[in-house]
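Written below as structure tokens is the structure these notes are about.
Owing to the predicted nature of the structure, the values given are computational and were not obtained by experimental measurement. One-based numbering, in listed order, for ligands and for the atoms of each.
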Amino acid sequence: MKHIIIGGVAGGATAAARIRRIDEAAEIILLEKGKYISYANCGLPYYIGGVISERERLFLQTPQSFGRRFNVDVRVENEAIAIDTATKRVTIKKADGEEYVETYDKLLLSPGASPISPKIKGIDLEGIFTLRNVADTDAIKNYLEMHDINNAVVVGAGFIGLEMAENLAHTGASVAIVEKLDQVMPPIDFSMAALVHDHLIQKGVNLYLEKSVEEFESKNGQIEVKLSSGETLLADMVILSIGVRPETKLAVNAGIKIGVTNGIWVDDYLQTSAENVYAVGDAIEFPHPVTKKPWLNYLANPANRQGRIVADNMVFGNKIKYEGAIGTSIAKVFDLTVASTGLPAKQLMAMGIPYKSSTTHSGSHAGYYPNATNMTLKLTFDPQTGKMYGAQGVGVDGVDKRIDQIALLIKLGGTIFDLIRLEHAYAPPFSSAKDPIAIAGYVASNIISGKMPVVYWEDIKTADLEKITLLDVRTTEEFSLGSIPGAVNIPLDDLRGRLKEIPTDKPIYVFCQVGLRGYLAQQILLGNGFKEVSNLSGGFKSYKPAVAIIRNTKPENKKINITNSSQPVMEPMFKNIIKLDACGLQCPGPILKLKNKIDDIREGEVLEVTSTDAGFSRDAESWCKMTGNTLISNKVENGKYIVVVQKGAPKSCETVTSCSGKGKTLILFSQELDKALATFVLANGAAATGQKVTIFFTFWGLNVIKKVKKPQVKKDFFGKMFSIMLPSSSLKLKLSKFNMFGAGSKMMRMIMKNKGIDSLESLRQQALDNGVEFIACQMSMDVMGVKREELMDEVTIGGVATYMANADEANVNLFI
Ligand SMILES: Cc1cc2nc3c(=O)[nH]c(=O)nc-3n(C[C@H](O)[C@H](O)[C@H](O)COP(=O)(O)OP(=O)(O)OC[C@H]3O[C@@H](n4cnc5c(N)ncnc54)[C@H](O)[C@@H]3O)c2cc1C
């Protein structure tokens, strides 16, 4: 029997080796158009980044060693250019252009996929690459060696794009990612991708989401990347990772059936529509085991598995059916592991399949054993039967084994109840007696049984706060570090004594940090006669990154102290740094530990806190700003967040600012609409020139940065009087002239709208997005009874010292 195999990497090489193992007498010809066979394409990004240092390690076999071991006629640089299925002949072209014909008894197509390279002006410029094979890798590696790559742009934020972003960062480049969707990692849901956004930003990667590239232009030896948003990025190198499509040219020309998703159609035995012709790997489409609909997936495990099945069917006749793949995939993104299997919520929604989801945050192993890290698991399942549809995991350790277990359950038709029944090997360094999978199963079963009605972060984001009560049951310390706008804080342990404060006539959305205290609070409320009480799935820990605004730093302004572990940290040298281990603790544990320790030490002493809670570094930054302690550095190393803080003077109003060099400071003293408008117009103008801008809101100016929906706060008599007399938010500001009992300000807003001028609120948001720092005057807040919770979340609190420090750094100071 004579077998010809087209494509010599994952599917093709596997099939060739298997055919030999089961048929010693067969003639096997392996055709590969490139120079190499059986290499590790999944390792290519890591070779580029230097993690894999020796090029030879990418090659599992050379054409010669493979040929010798398996007695296969390996022909590299031999491209199949035509197939005649009627006469069973393949036309082949050699590298020197010579063409010849081979006949076959059985033919296998494993030609893989080809990268999408859209028709963008300038796409062929030097320095723009795609990555698919060894030749691409060599070209990228050579370019990195020959050029000084300070800024790299990766277009496309799929798995390979993100791996490239990380590996380019390892080479020392500043990396920006441009992605057309609103998230990275398309196979996972937005709320899970948001955790990755947060991590990428902490690692210094700039994210340009919901933006596409319109043009590349060569500029002074660099590539100008022009985005649909009007922004331009300057790059020394660009990697295009926009996606791939099945390589079907040969099959199409041979009249072999192409399926609805544009992959090569195959039957259960991986045979194409042509007799004796089979196909495997990235080039084929196959029904998804859950949806039963054909789909494409570009993964190495299915290609290898299909290669083995198809070899048996080619040798023994069509006996073994392929069961299909559910798309189990994993990627390392800096310190994070991101994995997914089955169907995410967005795909279920798009296909109109009813589902429920649950999000849980657990420790990778027992919290009391060192180095436990957080792991977020999201499950999707049938709302009636609990049949598992999919799972996604983001964390540092142990995500892979959980997703693998769930993948097996999904393939076997398992339910969320099977997650609870799973027996896992447990000792403190590896897991907890209640494994994250079991916890996810318990939570999902509470959702299905109706014991724990849930709302999701999107429901809260779009909720009319007049019509619900949003209840934060975390501690007051956690609440003061930030909450959901409009939330009322009643800590769980005070809830039973404060039930009277909660309205009984509207639904209650309760939340805590990860969902557990929210569940307990929900049970207390339901047990006390409250109706319609829902718990926020995944808690504030899921909500916060999902609604976060992505703020990029200019490459040249990148904080040098937020690094990945391979880069040196520039940090002042302090003797006797006091170390504090807060690993394994969930928020607010680390921040409380920090506070308690700072209380114990002397002014000027330096404390280094290590935590595994991803929110800790941001919380520590805000906490330092609020308390007058100095944040010395803030870095992420191997999934650990290490914050160094120097104790400041008691009750100091110092605010740490990223300000360096000349900038502009504006004092907004007024609460008049036109003056506030002028302030933000000036601030945005200055920020657009790349300067550091600070607005100091004092006295009446505080009314410009009040939230529209404010939580209930306790005030003294004068505070209450001020609240009644002052504008409740920017929407109520008056004009300085011709206000005419409010008609003037309404007219002004209408005219601005008609003329296409942004509203005050949108100018204010632009200022924040442009990195303008908003500081509220502590003393004015005290005098006027304004509480922190009433002000926009982005505002920091400072005093005159803060203003003076910033003014000193600025070359323009305006009082408005
Ligand atoms: C950079 C990178 C990283 C990846 N990382 C991962 C990962 O971490 N995990 C994962 O699961 N998957 C990963 N993948 C995907 C995985 O490598 C593929 O799914 C898998 O290799 C597909 O196997 P295949 O046999 O279908 O195609 P390939 O392995 O791509 O092999 C196809 C071969 O066919 C040859 N060929 C095409 N047409 C012809 C012709 N007419 N004549 C002769 N030869 C031809 C091509 O030159 C190519 O060498 C990665 C892919 C890349 C490129």
Side-chain angles (χ1 to χ4, degrees), residues 4-16 29-49 52 58 60 63 74-83 90-95 102 107-115 129-137 140 156 158-164 167 187 239-241 243-254 263-264 266 270 278-286 296-308 310 325 327-333 337-341 400:
I4 293 186
I5 297 170
I6 300 173
V9 190
T14 302
I29 299 173
L30 183 63
L31 301 174
E32 168 55 55
K33 70 177 174 185
K35 283 187 185 162
Y36 308 94
I37 62 154
S38 192
Y39 61 84
N41 26 19
C42 309
L44 301 178
Y46 299 97
Y47 169 64
I48 292 170
I52 298 171
L58 296 172
L60 310 175
V74 180
R75 301 184 190 171
V76 290
E77 297 190 284
N78 274 246
E79 181 181 3
I81 54 170
I83 302 166
V90 180
T91 307
I92 302 154
K93 189 173 166 188
K94 294 207 249 178
E102 282 284 355
L107 176 68
L108 173 62
L109 308 178
S110 185
S114 44
F129 300 90
T130 53
L131 174 62
R132 194 70 206 157
N133 51 35
V134 178
D136 299 337
T137 307
I140 295 171
F159 281 43
I160 297 175
L162 293 188
E163 285 175 358
M164 277 309 298
N167 280 288
I239 302 288
L240 293 175
S241 189
V244 291
R245 60 167 71 96
E247 182 57 72
T248 55
K249 204 166 60 197
L250 263 183
V252 170
N253 291 341
I264 300 173
V266 289
L270 300 168
Y278 293 78
V280 294
D282 288 357
I284 66 166
E285 67 170 37
F286 198 86
L296 302 160
N297 79 98
Y298 307 107
L299 292 167
N301 169 290
N304 280 277
R305 171 149 172 69
Q306 292 158 14
R308 187 184 162 97
V310 89
T328 308
S329 55
I330 191 160
K332 173 181 175 308
V333 185
T337 307
V338 185
S340 146
T341 184
D400 49 348

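Counting protein heavy atoms only, atom 45 (C) of ligand 1 is closest to K33 CG, 3.7 Å. Of the protein's non-hydrogen atoms, C42 SG, 3.4 Å is the one closest to atom 7 (C) of ligand 1. The shortest contact between atom 24 (P) of ligand 1 and any protein heavy atom is with S110 OG, 3.8 Å. For atom 41 (N) of ligand 1, the nearest non-hydrogen atom of the protein is A80 O, 3.0 Å. Counting only heavy atoms of the protein, atom 12 (N) of ligand 1 lies nearest to A300 N, 3.3 Å. Of all protein heavy atoms, the one lying nearest to atom 2 (C) of ligand 1 is N41 O, 3.2 Å. The single protein non-hydrogen atom nearest to atom 19 (O) of ligand 1 is D282 OD1, 2.7 Å, given as residue, atom name and distance. Looking only at heavy atoms of the protein, atom 31 (O) of ligand 1 is closest to V9 CB, 3.4 Å.
Within ligand 1, counting atoms from 1 as listed, the ones closer than 4.0 Å to a heavy atom of G7 are 33 (C), 34 (O), 35 (C), 44 (N). Proximity to G112 (heavy-atom distance under 4.0 Å) selects the following atoms of ligand 1: 26 (O), 27 (O), 32 (C). Residue L250 approaches ligand 1 through these ligand atoms, each under 4.0 Å from one of its heavy atoms: 41 (N). Atoms of ligand 1 lying under 4.0 Å from at least one heavy atom of A303, given by number and element, are 22 (C), 23 (O). Shown in contact with Y298 at under 4.0 Å from a heavy atom are these atoms of ligand 1, numbered in order with element: 15 (C), 19 (O). Atoms of ligand 1 lying under 4.0 Å from any heavy atom of L31, numbered from 1 in the order shown and given with element: 43 (C), 44 (N). Numbered from 1 in the order shown, with element, the atoms of ligand 1 that lie under 4.0 Å from a heavy atom of P111 read 32 (C), 34 (O), 37 (C), 38 (N). Using a 4.0 Å cut-off to heavy atoms of G281, the atoms of ligand 1 that qualify are 26 (O).
Between atom CG of residue L299 and atom CZ of residue F159 there is a gap of 8.0 Å, rounded to the nearest 0.5 Å. Between atom CG of residue N41 and atom CG of residue L58 there is a gap of 9.5 Å, rounded to the nearest 0.5 Å. If you take CZ on F129 and CE on M164, they are separated by 10.0 Å, rounding to the nearest 0.5 Å. The CD1 atom of I6 lies 8.0 Å from the CG atom of L108; values are rounded to the nearest 0.5 Å.
Close N/O approach between N301 and ligand 1 is not found [any backbone or side-chain N/O within under 3.5 Å]. Geometrically, ligand 1 and A10 share a nitrogen or oxygen pair separated by less than 3.5 Å. For G11, a nitrogen or oxygen atom sits less than 3.5 Å from a nitrogen or oxygen atom of ligand 1, counting backbone and side chain alike. Inclusion of Y39 in the set of residues having an N or O under 3.5 Å from an N or O of ligand 1 is not warranted. Among the atoms of L131, none of the N or O lies under 3.5 angstrom from an N or O of ligand 1. Annotation: E32 places an N or O atom under 3.5 Å from an N or O atom of ligand 1; distance criterion only.
Note on E102 versus R75: salt bridge recorded, some NZ/NE/NH1/NH2 to OD/OE distance being below 4.0 Å.
N78 counts as a contact of ligand 1, since one of its heavy atoms falls under 4.0 Å from the ligand. In this structure, N133 does not count as a contact residue of ligand 1, since none of its heavy atoms falls inside 4.0 Å of the ligand.
Under the side chain to side chain contact (heavy atoms under 4.5 Å, CB included) rule, R132 has a single partner from T130, D136, V134, which is D136.
Under 4.0 Å from ligand 1, the heavy atoms of I160 that appear belong solely to its side chain.
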From CA spacing to verdict: side chain to side chain contact (heavy atoms under 4.5 Å, CB included), Y39, N133
CA-CA 9 Å; Y39 61 84; N133 51 35; 3.2 Å; yes
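Contact record, A80 with V90: CB-CG1, 3.8 Å, taken as the closest heavy-atom pair.
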